[in-house]
Amino acid sequence: MAAALTVPQLSAKHRPTLEQALAAIRSRAYWSPHPEHPKAYGETAPADGLAAFEAVRGTRFDLGQPGTDGWAGAEVSPFGPELGVEYPHVDPDVLLPAMKAGMGAWRDAGPEARALVCIEILARIGARTHEFAHAVMHTSGQAFMMAFQAGGPHAQDRGLEAVAYAYEEQTRVPGQADWSKPQGKKDPLELGKTFTAVPRGIALMIGCNTFPTWNGYPGLFASLATGNAVLVKPHPRAVLPLALTVKVAREVLAESGFDPNLVALAVERPGEGIAKTLAVRPEIKLIDYTGSTEFGDWLETNARQAQVYTEKAGVNTVVLDSTSDYKGMLSNLAFSLSLYSGQMCTTPQNLLIPREGIATDAGHKTYDEVVADLAASVGGLLGDDARANALLGALVNPDVKARLEAAAGLGEVALASREVVNPEFPDAVVRTPVMVKLDAARKYWDAADDSAPYLSECFGPVSFAVAVDSTADALDLLRRTVREKGAMTVGAYTTSPDTERAIEEVCLEESAQLSLNLTGGVFVNQTAAFSDFHGSGGNPAANAALCDGAFVANRFRVVEVRRQA
């Protein structure tokens with residue numbers, strides 16, 4: 001097919017961005033080509049983005065995909081409105097062969113051309129960030145500003161980061177080499193060799209409800225940039241952001257002279273559960289999944305023909321030993337517990353506090369005082385309903401609400417949840433966090449029994465202020481939870497160099513990402529692409545990190561051809 005976008009054109013436009021991304025993953029310094037502030041996109045962008053979002057509501061989202069055998073879609077915004085969008089339902093027996101047909105030309109294009117096409121896709125998504133923000137907001141329940149940043153530039157950063165890693169790993173081996181082995185007085189043995197990065201097959205990206213783009217883009221672009229076709233299977237409550245992504249990708253692929261069916265969408269009818277069906281198809285060679293441990297374990301066990309990358313549940317923990325900035329610590333933790341109603345895989349859950357209290361710059365604080373002061377800090381942060389709505393967003397689904405309500409019966413409530421009214425969206429379910437006091441004397445948690453609430457994830461705006469006998473016991477409990485249950489994040493506060501080293505040692509041994517003494521505008525549940533690793537791949541919460549070389553290197557193989565010189 002004729003290409004409206006040529007590789008030289010794409011190179012002139014995007015090669016500098018690729019070079020900067022490569023430099024950033026090597027230096028780990030701050031860098032982002034995607035602006036965070038809504039005003040950076042032009043005066044008319046907010047209105048244009050909202051209009052584009054409203055225009056797609058109540059429509060049939062036709063992608064022109066092969067194998068379309070009907071229509072599906074029943075998204076309802078966590079803020080109340082029905083989206084009313086219908087998406088193509090596909091017959092995989094028709095779609096998957098069509099996706100595979102374009103992979104040869106995509107493979108032969110090489111790592112650089114693939115990277116440049118991927119960056120063009122991201123650039124076009126970036127130009128529509130306001131539209132995507134509304135789509136993310138009304139499928140995930142994130143408040144608009146968070147949906148704009150996390151669902152827009154931060155997600156695009158993660159996608160670009162995956163492209164950079166994919167390019168770097170594929171180009172470690174030269175494309176060709178002349179090989180000559182001396183034979184003494186005889187003529188040398190000479191071969192010409194070529195080395196080609198070849199894709200594994202079709203990748204299945206299974207999207208999540210809470211962060212459809214942020215969690216989806218790394219796997220999508222890592223697979224696409226390494227030559228694989230990608231079938232995007234969104235969460236049934238969060239289809240629109242990924243459907244828009246697929247549409248942009250198909251347009252760019254076609255304009256670049258490649259088969260648009262290299263990226264396709266698979267939605268499901270109510271109760272159909274097509275993820276299980278697709279995951280074990282022989283054509284599916286890669287799977288990216290974010291969600292429950294139960295289904296993640298099922299994928300790892302049953303999708304044996306595929307390389308499976310999972311991010312599952314974990315028990316995120318903060319150890320409170322001592323602090324030189326008590327007010328800053330409380331403020332930082334209050335924000336971390338409140339952001340997006342705790343519906344982040346990185347939100348702290350267990351706050352391990354010695355029952356005798358902690359040393360602070362404001363004097364010694366008992367366990368009860370620390371808990372009460374933290375509860376007051378959360379209450380103050382969310383005391384104004386307008387600010388509360390801007391931070392909390394809406395509960396993404398009824399399961400989160402049920403967990404929140406049940407948590408109050410697990411122990412003494414230190415901070416009760418309250419209902420917040422959203423005047424713009426009166427049907428939104430908005431709740432402030434609950435904090436529950438629990439006891440973790442060694443005799444309760446040292447046994448094999450793991451029924452204690454703090455030994456499993458309670459996803460949502462729920463935190464446990466866990467009284468422990470000592471900081472040493474806190475570290476033992478931290479080690480057990482990370483090893484057995486996993487953790488995406490660990491936080492700690494201490495003024496003791498020895499304690500800091502001990503905490504660090506636990507996290508190094510158990511492969512958990514650690515944040516120490518955060519008291520300013522950086523929070524334990526936020527990570528920056530190109531610098532921070534999201535997950536480690538070394539504990540049960542996730543078997544991969546976003547992003548590192550291991551996340552992309554197994555998505556392709558290098559095939560060698562030797563020719564007699």
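No hydrogens, no waters, no symmetry mates; every other heavy atom, side chains included, goes into these values.
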Check for a donor-acceptor pair, side chain of [X] on one end and backbone N or O of [Y] on the other, with a separation under 3.5 Å.
{"X": "Thr432", "Y": "Arg418", "answer": "yes"}
{"X": "Ser341", "Y": "Leu392", "answer": "yes"}
{"X": "Tyr340", "Y": "Ser140", "answer": "yes"}
{"X": "Thr481", "Y": "Leu478", "answer": "yes"}
{"X": "Thr471", "Y": "Ala474", "answer": "no"}
{"X": "Gln307", "Y": "Lys285", "answer": "no"}
{"X": "Asn539", "Y": "Val482", "answer": "no"}
{"X": "Asn332", "Y": "Gly520", "answer": "yes"}
{"X": "Ser536", "Y": "Ser511", "answer": "yes"}
{"X": "Glu36", "Y": "His154", "answer": "no"}

Inset, instruction - Evaluate whether atom NZ of Lys247 has more than 12 neighbouring non-hydrogen atoms of other residues, nucleotides or ligands under 6.0 angstrom away. - result: no
Taking only residues two or more places apart in sequence, or in another chain, which ones meet [X] in a salt bridge (Lys or Arg N to Asp or Glu O under 4.0 Å)?
{"X": "Glu75", "value": "none"}
{"X": "Asp532", "value": "none"}
{"X": "Arg479", "value": "Glu509, Glu510"}
{"X": "Lys233", "value": "Glu268"}

Inset, instruction - Answer yes or no on whether Arg28 is positioned over the face of Phe533, meaning its NZ or CZ is under 6.0 Å from the six-membered ring centre and within 45° of the axis. - result: yes
Legend entry - cation_pi(Arg158, Phe211) dist<6.0 Å, angle<=45: no
Ring centroids only, cut at 6.0 angstrom: are [X] and [Y] within range, meaning strictly under it?
{"X": "Phe144", "Y": "His134", "result": "yes"}
{"X": "Phe335", "Y": "Phe523", "result": "yes"}
{"X": "His534", "Y": "Phe551", "result": "no"}

Inset, instruction - Go through the structure and list residues passing side chain to side chain donor-acceptor pair (under 3.5 Å) with Tyr217, not counting sequence neighbours. - result: Thr245
Inset, instruction - Decide, yes or no, whether a salt bridge links Asp473 with Arg355 under the criterion of side-chain N to carboxylate O below 4.0 Å. - result: no
Do any side-chain atoms of residues 403-410 form donor-acceptor pairs under 3.5 angstrom with protein atoms, and if so which ones, sequence neighbours left out?
unit_1 : atom_1 : unit_2 : atom_2 : d
Arg403 : NE     : Phe459 : O      : 2.8
Arg403 : NH2    : Phe459 : O      : 3.3
Glu405 : OE2    : Lys401 : NZ     : 2.8

Legend entry - Leu455 side chain reached by Arg480 side chain, heavy atoms, under 4.5 Å: yes
Legend entry - For Tyr289, the option from Trp298, Tyr309, Phe295 that meets ring pair (Phe, Tyr, Trp, His ring centres under 6.0 Å): Phe295
Inset, instruction - Show the numbers, then the answer: is there a side chain to side chain donor-acceptor pair (under 3.5 Å) between Gln156 and Thr129? - result: CA-CA 10 Å; Gln156 295 153 26; Thr129 292; 3.2 Å; yes
